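One structure, as structure tokens, below. Some questions next.
Each chain gets a letter, A, B and so on, in the order its sequence line appears, and its residues count up from 1. Quick caveat, the model's predicted, so the values are computed rather than measured.
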2 protein chains.
Amino acid sequence: MEKPHNSEESKSNNRQKRTREKILNLAMHVLAKKPKASLNEIAEAAEIGRATLFRYFKSRKQLIHELVVEADQKLENATKPILEQKLTARDTLEEYIKVLVPLGASFHFLSSEQIYSECSGIEDLYRNQLVRLKELSTKLREEKVVAADIPPVWIAAVLDNLIYTAWVTVSEGDIARNDAPGLVLHSFLNGLSPV
Amino acid sequence: MEKPHNSEESKSNNRQKRTREKILNLAMHVLAKKPKASLNEIAEAAEIGRATLFRYFKSRKQLIHELVVEADQKLENATKPILEQKLTARDTLEEYIKVLVPLGASFHFLSSEQIYSECSGIEDLYRNQLVRLKELSTKLREEKVVAADIPPVWIAAVLDNLIYTAWVTVSEGDIARNDAPGLVLHSFLNGLSPV
DNA sequence: CTGTAATGAGACATTATAGTATCATGTGGG
DNA sequence: CCCACATGATACTATAATGTCTCATTACAG
């Protein structure tokens, strides 16, 4: 075949699936850190040829589009079950953080406005994500988990940044992976001062 | 004259000074948000012609270099007096935040690794800034302003992000300028939960 | 081991951005 | 008012990135 196509789950599309995942994964990581990264750098990071990149994604625009869609799905899949459990706001927050820290790149990627300058027509996904964050923020306020005088936009922003910071420090080896969620939760609720 | 030169504070270089400041200011803002921004976009944001941009900065590289140097100086000027005052760590922190929030763009700009991929030979400035942040973090720990079990790297990262977040939300009109420093300080020390 | 599909390398074409040169216009200090 | 000088607009070149294509090589299922 010239181009990989998804004809009814055929036998040997494992390889294709693997490279595709590889590309999406590495591209996400690279672009989250350096939005200016060229396709060359992305290909290099993913350890594939530039040509292969174009076999899977016909343009930079489409690559980014798929990254955004994938990020959105990951977040959706990770967070939906939590919201449906009808936990307390505090527990929801805790679970939220636990699942989002490992997805930090996706999370921040989707929150990053830089992307939208390269790929229009995705504002909806972004909005969804923001809406969900805002909902959680509101819930946290209602159940008095966070103080009433703190603006929701601040709550959401701080949460976003703590989660992304956690992801960055973990992937740079400065913070232990298992410590990160607790650190985020504690910093978010109680700050850094001693008990 | 062809190119503006700074010969002993001459009479009419006010205009030049103004445009130069204008460019540096707006370029900083634009690039902090979108490192990929083209010189076209920067010129547009600064409301000047692209040609003028090149009259003041012979290349993109030099523009960024000057931005970094300027950011570093601003931060240096703002923070040095504070450190020399020999305040308690807690008061140092408070003053620090007060002066840094308005400089959020510069601050974050200098912290952003993205810049170094465009302009080499400035790692020193970055290091200085980091060293200073780490020093403050250590001091905060020593004086038990922050808990002893929190890694300095986490302290520094959280502080950086809170300050930048404050600056962003202020410049987007979501948070009142005068509320921001207090919000940062409180979030940093006590988190968002109610008293 | 063998044949086929996926890949990598690299030679192109195309486009976007960086950078240069020129000239008409406009502004601000004298 | 006047004129030097900064600016904006535009046309131009250079360079880097995107996107297309071909072909030899490699990996893998049978």
Gap between atoms CD1 and C1', on A/I48 and C/dA9 respectively (whole Å): 13 Å
Do A/K98 and A/E95 sit within salt-bridge range, that is, some charged N less than 4.0 Å from a carboxylate O? yes
OP1, OP2 of D/dA6 versus side-chain N and O of B/Y56: anything below 4.0 Å?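 False: B/Y56 side-chain N/O out of range (4.0 Å or more) of D/dA6 OP1/OP2.
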Residue A/K36 excluded, over 12 heavy atoms near NZ under 6.0 Å: yes
Please state how far atom CZ in B/F54 lies from atom P in D/dG8, giving the value in whole angstrom units. 14 Å
Look at the side chain of A/R55 and decide which nucleotide, out of C/dG19, C/dA9, D/dT18, has an atom nearest to it.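 Nearest nucleotide to the side chain: C/dA9.
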With sequence neighbours excluded, what pairs up with B/S106 under the side chain to side chain donor-acceptor pair (under 3.5 Å) test? none
Tell me whether the side-chain N/O atoms of A/T52 come closer than 4.0 Å to OP1 or OP2 in C/dT7. no
Among A/K58, A/E66, A/H65, which residue satisfies the side-chain hydrogen bond (donor to acceptor under 3.5 Å, both in side chains) criterion with A/Q62?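 Going through A/K58, A/E66, A/H65 one by one, the side-chain hydrogen bond (donor to acceptor under 3.5 Å, both in side chains) with A/Q62 is satisfied by A/E66 alone.
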Touch class at under 4.0 angstrom, heavy-atom based, for B/E47 against every strand present: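 Contact class for B/E47: sugar-phosphate only.
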Just compare C/dG8, D/dT7, D/dG8 and give me whichever is closest to any side-chain atom of B/A51.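 For the B/A51 side chain, the nearest candidate turns out to be D/dG8.
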What protein N or O atoms touch nucleotides 11-17 of chain C N or O atoms at under 3.5 angstrom, if any, and at what distances?
none

Does the side chain of B/T19 get closer than 4.0 angstrom to OP1 or OP2 of D/dA6 through an N or O atom?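 Indeed not, no polar side-chain atom of B/T19 lies that close.
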Just the rounded figure in Å: distance from P of C/dT7 to CG of A/N14.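 Nearest whole value for this atom pair: 12 Å.
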Does a side-chain N-to-carboxylate-O contact under 4.0 Å join B/R90 and B/E94? yes
If each of A/S59 and B/G49 is mapped to the nucleotide of DNA chain D with the nearest heavy atom, which maps nearer the 5' terminus, i.e. the 5' end?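 Closest to the 5' end, via its nearest nucleotide, is B/G49.
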Separation of atom CD1 in A/I42 from atom P in D/dG19, rounded to whole Å: 11 Å
In whole Å, I'd like the distance from the CG atom of A/L53 to the C1' atom of D/dC21. 16 Å
To the nearest angstrom, the NZ-C1' distance between B/K36 and C/dA18 comes to 14 Å
To the nearest angstrom, how far is A/L63 atom CG from D/dG19 atom C1'?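 Answer to the nearest Å: 13 Å.
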Would you mind reading off the distance between B/R15 atom CZ and D/dA6 atom P, rounded to a whole angstrom? 8 Å
Once side chain to side chain donor-acceptor pair (under 3.5 Å) is applied, do any residues pair with B/W167, and if so which ones, sequence neighbours excluded?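 B/W167 satisfies side chain to side chain donor-acceptor pair (under 3.5 Å) with no residue once adjacent residues are dropped.
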Determine whether the side chains of A/W154 and B/S187 contain a donor N or O and an acceptor N or O closer than 3.5 Å.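 A pair is found: one side chain offers a donor N or O, the other an acceptor, under 3.5 Å apart.
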